[in-house]
Amino acid sequence: MATKQLLHLVIGGELADLNSTTFKDLTKIEFVGAYASNAEAVKAWRTKAQATVDNALMRYFVIHAHKLIDPTTAGE
């Protein structure tokens with residue numbers, strides 16, 4: 001039996017300000033990639049976040065897309 005696919009997306013971009021998660025320019029959002037596990041996504045997120053540490057407004061996020069596609073996976 002195949003394991004259930006859990007899709008994770010990593011995106012990032014410059015925020016409008018430090019007190020929100022609103023991106024400064026949506027046309028400049030970077031799609032880092034799609035990953036089959038949270039561990040893979042976190043590894044990609046960490047690499048991008050560390051590479052942009054000098055820009056306080058640059059943020060990357062892991063989106064648990066599998067929870068959006070199938071809300072019954074909320075606990076996974």
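Numbers here are sequence positions counted from 1. Keep in mind it's a predicted model, so treat the numbers as computed, not measured.
Rounded to the nearest 0.5 Å, atoms CD1 (Ile11) and CZ (Phe61) are 7.0 Å apart. Taking NE2 from His66 and NE2 from His8, the interatomic distance works out to 3.5 Å, rounded to the nearest 0.5 Å. Of the inter-residue distances, the one linking Phe31 atom CZ with Ile63 atom CD1 reads 9.0 Å to the nearest 0.5 angstrom.
If you run side-chain contact (heavy atoms from CB on, under 4.5 Å) between Tyr35 and each of Val42, Val10, Val62, only Val10 comes through.
Take Thr27 and apply the side-chain contact (heavy atoms from CB on, under 4.5 Å) test, not counting sequence neighbours, and it matches Asp25. Under the side-chain contact (heavy atoms from CB on, under 4.5 Å) criterion, Ala65 pairs with Leu7, Leu9, not counting sequence neighbours.
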What side-chain donor-acceptor pairs closer than 3.5 Å can you find for residues 16-24, not counting sequence neighbours?
from: Asp17; atom 1: OD1; to: Asn19; atom 2: N; distance (Å): 2.8
from: Asp17; atom 1: OD1; to: Ser20; atom 2: N; distance (Å): 3.3
from: Ser20; atom 1: OG; to: Thr22; atom 2: N; distance (Å): 3.3

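Two residues are said to be in side-chain contact when any heavy atoms from C-beta on lie closer than 4.5 Å; Asn38 and His64 meet this criterion.
Evaluation of the side-chain hydrogen bond (donor to acceptor under 3.5 Å, both in side chains) test over residues 42-58, restricted to residues two or more places apart or in two chains, returns Glu30-Lys48.
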